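This report refers to the structure that appears directly beneath it.
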Amino acid sequence: MHVLVLGGTTEARRLAERLHATRGIRVTSSLAGRVATPRMPPGEVRVGGFGGAEGLTRWLCEHEVGAVIDATHPFAGTISFNAALAAADAHVPLLALRRPGWAPAEGDDWHPVDSLEQAAEAARALGSRVFLTTGRMGLASFAHIDDIWFLVRSVDAPDGPRPPRTDVLLDRGPFTLDGERELLRRHRIDVLVTKDSGGAATAPKLTAAREAGVPVVIVRRPPVPDGVPVAAGPEEAAAWLAAYSG
């Protein structure tokens, strides 16, 4: 069976490793190409978009794909909805692989919002030195703010609009709790802005913020398309595929 994994996450790479080692499975991982040096999964890899839902439908049919697993980032909403449309049109089963979101703990000061635009306004009301960890693609939502200093952490350097008072820290997780504590202290951070990405690789910043009494503006996830089953991890996704193909 040919399986298309819409990837770019740690879970997608681990799933590709598992499927690549499974007899009778041919796996192709699709990466968006937004990171300059991605960690490549085993098996076949394609980079770039499909040309919307219609382009993805054609690709599924032309390459005789038997199942699609959407293991993209929880905030990659466009490709997830395109995948749902394409899988339905091509009559191919689709599973969404989504790591569990974060949950607040005792002592957390969380301020949930529904968009980056709302996050920008919430941060403005809470402090003046913001640690912004929402990724380089969303900086335009904060570009109009000139009365706050931002520390922006991303894998690659941002190249679009950004706030005028911005320092950029290029780094890739996983991050340690001691490192996050020191970062908050050294830069005198008084607000953390993040997305509810879930997972352990970037979670230490939340613990560091709790310990330091730093409020957290957290952007809620977009929903998974209606009717698409969800797996919480690579093992569950592999079990779904085995049940379907077996």
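None of the values given here were measured: they were computed from a predicted structure.
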Problem - Any side-chain heavy-atom pair of L170 and S154 under 4.5 Å - result: yes

Exercise for the section: Would you check, one step at a time, whether the test salt bridge (charged side-chain N to carboxylate O under 4.0 Å, His left out) holds for E182 with R186? Expected result: CA-CA 6 Å; E182 173 60 20; R186 183 171 69 252; 3.5 Å; yes

Fill in the blank from the handout: Contacts satisfying salt bridge (charged side-chain N to carboxylate O under 4.0 Å, His left out) that involve residues 63-74 (not counting sequence neighbours) are D70-R98

Practice task
Taking all non-hydrogen atoms of both residues into account, name the closest pair between M1 and A67 and its distance.
Solution key: SD-CB, 4.1 Å

Handout entry: Nearest heavy-atom neighbours spanning L184 and A209
Key = CD1-N, 3.7 Å

Handout entry: Pair L183-L151, side-chain contact (heavy atoms from CB on, under 4.5 Å): steps then yes or no
Key = CA-CA 10 Å; L183 186 149; L151 176 65; 3.7 Å; yes

Problem - Beyond-backbone contact of V68 with L60, side-chain heavy atoms, under 4.5 angstrom - result: yes

Practice task
With E44 as reference, evaluate H20, R26, H2 under the side-chain hydrogen bond (donor to acceptor under 3.5 Å, both in side chains) test and give the passing residue.
Solution key: R26

Practice task
Answer with yes or no whether the hydrophobic clustering places L4 together with L94; edges join I, L, V, M, F, W, Y residues whose side-chain heavy atoms lie under 4.5 Å apart.
Solution key: yes

Exercise for the section: Using the side-chain contact (heavy atoms from CB on, under 4.5 Å) rule, take I79 and L6 through it: C-alpha gap first, then chi angles, then the decisive distance, then the call. Expected result: CA-CA 9 Å; I79 182 59; L6 302 174; 4.1 Å; yes

Practice task
Check whether more than 12 heavy atoms from other residues, nucleotides or ligands sit under 6.0 Å from atom CG of D147, and answer yes or no.
Solution key: yes

Fill in the blank from the handout: Smallest heavy-atom separation, V224 atom then A96 atom, equals CG1-CB, 4.0 Å

Exercise for the section: Return yes if some donor-acceptor pair links the side-chain N/O of D89 with the main-chain N/O of A86 below 3.5 Å, else return no. Expected result: no

Practice task
For E180 and R153, run salt bridge (charged side-chain N to carboxylate O under 4.0 Å, His left out): C-alpha distance rounded to whole Å, both residues' side-chain angles, the deciding distance at 0.1 Å, then the answer.
Solution key: CA-CA 12 Å; E180 300 293 62; R153 181 165 68 190; 2.8 Å; yes

Practice task
May I ask you to decide if V193's main-chain N or O and T133's side chain share a donor-acceptor pair within less than 3.5 Å?
Solution key: yes

Problem - Partner of F142 by side chain to side chain contact (heavy atoms under 4.5 Å, CB included), out of V152, T166, L132, I148 - result: L132

Practice task
Flag the pair F81 / D226 as yes when at least one side-chain heavy-atom distance between them is below 4.5 Å, and no otherwise.
Solution key: no

Problem - From R210 atom CZ to E106 atom CD, the distance as rounded to the nearest 0.5 Å - result: 9.5 Å

Problem - Check: D190 and S128 side chains under 4.5 Å, non-hydrogen atoms - result: yes

Exercise for the section: Establish whether F131 and L139 are linked, either directly or via other cluster members, by ILVMFWY side-chain heavy-atom contacts under 4.5 Å. Expected result: no

Exercise for the section: Could you check if a side-chain atom of D108 sits within less than 4.5 angstrom of a side-chain atom of V216, using non-hydrogen atoms only? Expected result: no

Handout entry: Spacing of OG belonging to S29 relative to CD1 belonging to I69, to within rounding of 0.5 Å
Key = 10.0 Å

Practice task
Side-chain contact test, heavy atoms from C-beta onward, threshold under 4.5 Å: evaluate it for I145 versus F150 and give yes or no.
Solution key: yes

Identify every side-chain donor-acceptor pair in residues 111-120 under 3.5 Å, counting partners at least two apart or on other chains, and give the distances.
| unit_1 | atom_1 | unit_2 | atom_2 | d |
| --- | --- | --- | --- | --- |
| H111 | NE2 | D109 | OD1 | 3.0 |
| D114 | OD1 | R220 | NH1 | 2.8 |
| S115 | OG | Q118 | N | 3.1 |
| E117 | OE2 | S141 | OG | 3.0 |
| Q118 | OE1 | D114 | N | 3.0 |

Fill in the blank from the handout: For P100 and A232, the nearest pair of non-hydrogen atoms, with its separation, is CD-O, 3.7 Å

Fill in the blank from the handout: Nearest heavy-atom contact between P158 and V168 is CD-CG1, 3.8 Å

Handout entry: From CA spacing to verdict: side-chain contact (heavy atoms from CB on, under 4.5 Å), V217, V130
Key = CA-CA 10 Å; V217 178; V130 176; over 6 Å; no

Handout entry: Side chains of L169 and H187 in contact at under 4.5 Å (non-hydrogen atoms)
Key = no

Completion exercise
The reported gap from CG in D146 to NE2 in H144 (rounded to nearest 0.5 angstrom) is 9.0 Å

Handout entry: Beyond-backbone contact of T194 with W102, side-chain heavy atoms, under 4.5 angstrom
Key = yes

Problem - Nearest-0.5 Å distance that lies between atom CG in L206 and atom CG in L177 - result: 10.5 Å

Exercise for the section: Would you kindly confirm whether L95 and V27 end up in one hydrophobic cluster when ILVMFWY residues are joined by side chain heavy atoms under 4.5 Å apart? Expected result: yes

Practice task
Assess whether side-chain contact (heavy atoms from CB on, under 4.5 Å) is satisfied between S197 and R99, documenting all intermediate values.
Solution key: CA-CA 8 Å; S197 301; R99 70 185 74 146; 4.1 Å; yes

Problem - Main-chain N/O of F75 paired with H73 side-chain donor or acceptor, under 3.5 Å - result: yes

Practice task
Indicate yes or no for a side-chain donor-acceptor contact from R172 to the backbone of F175 under 3.5 Å, with no hydrogens or angles considered.
Solution key: no

Practice task
Search all heavy atoms of A84 against all heavy atoms of V228 and return the closest pair with its distance.
Solution key: CB-CG2, 4.2 Å

Exercise for the section: For R221 and D196, indicate whether the former's side chain and the latter's backbone hold a donor-acceptor pair under 3.5 Å. Expected result: yes

Fill in the blank from the handout: Value for CG (L97) from CD (E235), rounded to nearest 0.5 Å, stands at 9.5 Å

Practice task
Answer yes or no: are there more than 12 heavy-atom neighbours, outside R14 itself, under 6.0 Å from its atom CZ?
Solution key: no

Handout entry: ILVMFWY network linking W240 to L19, side-chain heavy atoms under 4.5 angstrom
Key = yes

Practice task
Give a yes or no on whether V191 and W110 share a hydrophobic cluster (residues Ile, Leu, Val, Met, Phe, Trp, Tyr; joining criterion: side-chain heavy atoms under 4.5 Å apart).
Solution key: no

Problem - Residues forming a ring pair (Phe, Tyr, Trp, His ring centres under 6.0 Å) with F50, sequence neighbours excluded - result: W59

Practice task
Could you point out which residue of K205, R185, R181 forms a salt bridge (charged side-chain N to carboxylate O under 4.0 Å, His left out) with E211?
Solution key: R181

